[in-house]
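Data first, discussion second: the structure below is written as structure tokens.
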Amino acid sequence: MISFILNKKTINTPEHSGMTLLDFVRYDQRLTGTKIGCREGDCGACTVLVGSLKNGTIEYQSITSCISPLGNAHGKHIVTVEGTNLKNTLTIAQEAMKDNYATQCGFCTPGFVVALTGFALSNSEKNYNTALNAISGNICRCTGYKAIEKAAYQVVEKLEHKTIENSMNWLIENNVVPDYFASIPQRLKDIEAKDLNQPKGKYIAGGTDLYVQQADDLVGDSVHLIAEKDYLKGIKIENDVCTVGTNSTVSDLWNHTQINNYFPNLKKHLKLVSSEQIRNMASFGGNLANASPIGDMTIFFLALNSDIIITNEREEERVVSLKNFYQGYKTYDLKDGELLKQISFKLPTNQSFFNFEKVCKRTHLDIASVNSAISITIKNGTIEDAHVSIGGVAAIPKYLHDTSNFLTGKSLTSETILEAGEILQSEISPISDVRGTSSYKRLLGRQLFFAHFTELFPKQFTLHDFIQHA
């Protein structure tokens, strides 16, 4: 039995865990404000809020319900656009959309309203950039977005005086959410949601990869949901090594203060990976196990020369270098009954530099044509250590062994980088597909490799240094 609170209503349902949350909300509960758009997590029309009870309070995050399994709602508070409504007045998100004429056909509007409400409920800084981040996964085909951006700015202004203490009371008193939100923490405690009776079946965490590819099959097949497995969660730093649980999400990394200190451009890089809704639900283990040749976080962790810890049903563990994990297209070193448990990597030093680059049609939420990352350590002008990865140019997420080995021990000069660029070309074998021709991907591979150095060492290199010799 799946138990959760949907808006004000307590739900106990025997429905299949693999059913999408979107379909349950619309077809079982008849809450049709949540719209069906792309069914791939791309458009945001199906955005809902998920509230999790932590230390006596509820933390809310926005997700796309079209690629979220119903079973992941177990023990949570799910809020659709209907659940945000006040009696006889508009919420500040609804009012901002109205005041700024930020809706035309109205199909996308519920998703924007829910995302902005999630922004108001979150602990993020209340500024214009974070408001735009909150709606980065919502598409509007009509307005051109400027009116919606103005609506987001109006919400920020309304939240200027939000208090941290008694935050929920303030939000209720100021027409952000209805008053029933105050009762949700106790109601979730009363539900005392027990672990789901999990059958053997396909492992699913966030579902953001699998539900794009196999949603119709997963609705009826046995699934084994692992998103709430505590032993797969958490980010730990110890002895200059970071260990990331494979159930951790991109948002967990985004919000981790210490990690951001080690990687000053982390949020800039992660913003290229996906929208906030997807960052809130996509697990690192899922990204690695999907084995996509263009998996953004796989490329990210490859450049950090990461190891992965693998566990089995007997709790036996083994360690595999991520760069040796992939064996062919969608195949890897993982046996039946095994799970990816943790990802570990050495943290950068004062002499280390990291960069991630990505080219795709839609800047902040799209599959890459080519993506690439580099981790490099420089001492006295010499490259002491280098790890380069690239996606979209081979059958697997590609760690560039030859290019990385060539760079190690060389002087950091344009000549070294140009020669390394030639070696890179010999290591990749792109094919033509819907995201570009093979020659276009070779060009992107070269340009992104050069971009790492112009981004990391702008006083030493410009793109002109490489283009004129390429």
Side-chain angles (χ1 to χ4, degrees), residues 240 262-266 268-269 272 293-294 296-307 321-324 326 345-359 368-430 436 438-470:
D240 298 323
Y262 281 101
F263 297 92
N265 292 318
L266 182 65
K268 173 185 173 183
H269 296 152
L272 294 174
I294 43 179
D296 291 320
M297 294 312 300
T298 307
I299 298 303
F300 190 96
F301 286 121
L302 276 171
L304 292 171
N305 197 29
S306 302
D307 290 327
S321 175
L322 183 57
K323 63 187 176 187
N324 299 322
Y326 298 102
F345 55 89
K346 290 183 179 178
L347 289 162
T349 66
N350 292 334
Q351 295 159 317
S352 299
F353 304 87
F354 178 86
N355 191 49
F356 175 79
E357 298 284 344
K358 176 179 177 179
V359 171
S369 296
V370 176
N371 50 12
S372 180
I374 189 171
S375 176
I376 191 167
T377 302
I378 309 294
K379 285 188 179 179
N380 301 319
T382 298
I383 302 170
E384 188 178 73
D385 193 32
H387 302 282
V388 188
S389 61
I390 190 166
V393 294
I396 62 173
K398 187 76 173 173
Y399 177 88
L400 296 174
H401 291 268
D402 294 342
T403 305
S404 301
N405 289 336
F406 172 81
L407 287 169
T408 303
K410 300 292 193 303
S411 297
L412 183 63
T413 64
S414 58
E415 290 76 18
T416 296
I417 297 165
L418 285 165
E419 194 169 346
E422 293 300 318
I423 295 171
L424 178 151
Q425 291 294 326
S426 70
E427 285 197 85
I428 64 177
S429 52
S438 59
S439 58
Y440 173 64
K441 291 178 183 180
R442 282 193 177 276
L443 174 64
L444 286 182
R446 183 189 73 179
Q447 297 301 83
L448 294 188
F449 179 67
F450 293 156
H452 290 316
F453 295 92
T454 59
E455 178 72 20
L456 293 174
F457 310 103
K459 294 182 179 179
Q460 191 169 350
F461 305 112
T462 66
L463 197 56
H464 182 70
D465 295 326
F466 304 122
I467 292 176
Q468 64 180 342
H469 296 103

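Only heavy atoms go into these numbers, but all of them, side chains included; no hydrogens, no water, no symmetry mates. On a predicted model such as this, the values are computed, not experimentally measured, just so you know.
Contact annotation: the side chain of Asn355 never approaches that of Phe453 to less than 4.5 Å [non-hydrogen atoms, C-beta and beyond].
In terms of modelled atom types and a separation under 3.5 Å, the side chain of Asn371 and the main chain of Ile294 share a donor-acceptor contact. With hydrogens and angles disregarded, no donor-acceptor distance shorter than 3.5 Å links the side chain of Thr377 to the backbone of Gln351. Listed for the Glu357 side chain is no donor-acceptor partner under 3.5 Å among the backbone atoms of His452. Within the 3.5 Å criterion, the main-chain N or O of Phe301 finds a donor-acceptor partner in the side chain of Ser306. A donor-acceptor pair is defined here as one N or O able to donate and one able to accept, closer than 3.5 Å; such a pair exists between the side chain of Arg442 and the backbone of Ile428. Checked by atom type and distance alone, the side chain of Thr408 pairs as donor or acceptor with a backbone atom of Ser404 at under 3.5 Å.
Of the residues Ile374, Leu304, Leu456, the one that meets the side-chain contact (heavy atoms from CB on, under 4.5 Å) test with Phe354 is Leu304.
Partners of Lys398 according to the side-chain contact (heavy atoms from CB on, under 4.5 Å) rule, which considers only residues two or more places apart in sequence or in another chain, are Ile390, Ala394, Leu400. Residues passing the salt bridge (Lys or Arg N to Asp or Glu O under 4.0 Å) test with Glu384 are Lys379, sequence neighbours excluded. Remark: Glu455 pairs with Lys268 by the salt bridge (Lys or Arg N to Asp or Glu O under 4.0 Å) rule, at least two apart or across chains.
Cation-pi geometry between Lys410 and Phe406 is met: under 6.0 angstrom from the ring centre, within 45 degrees of the axis.
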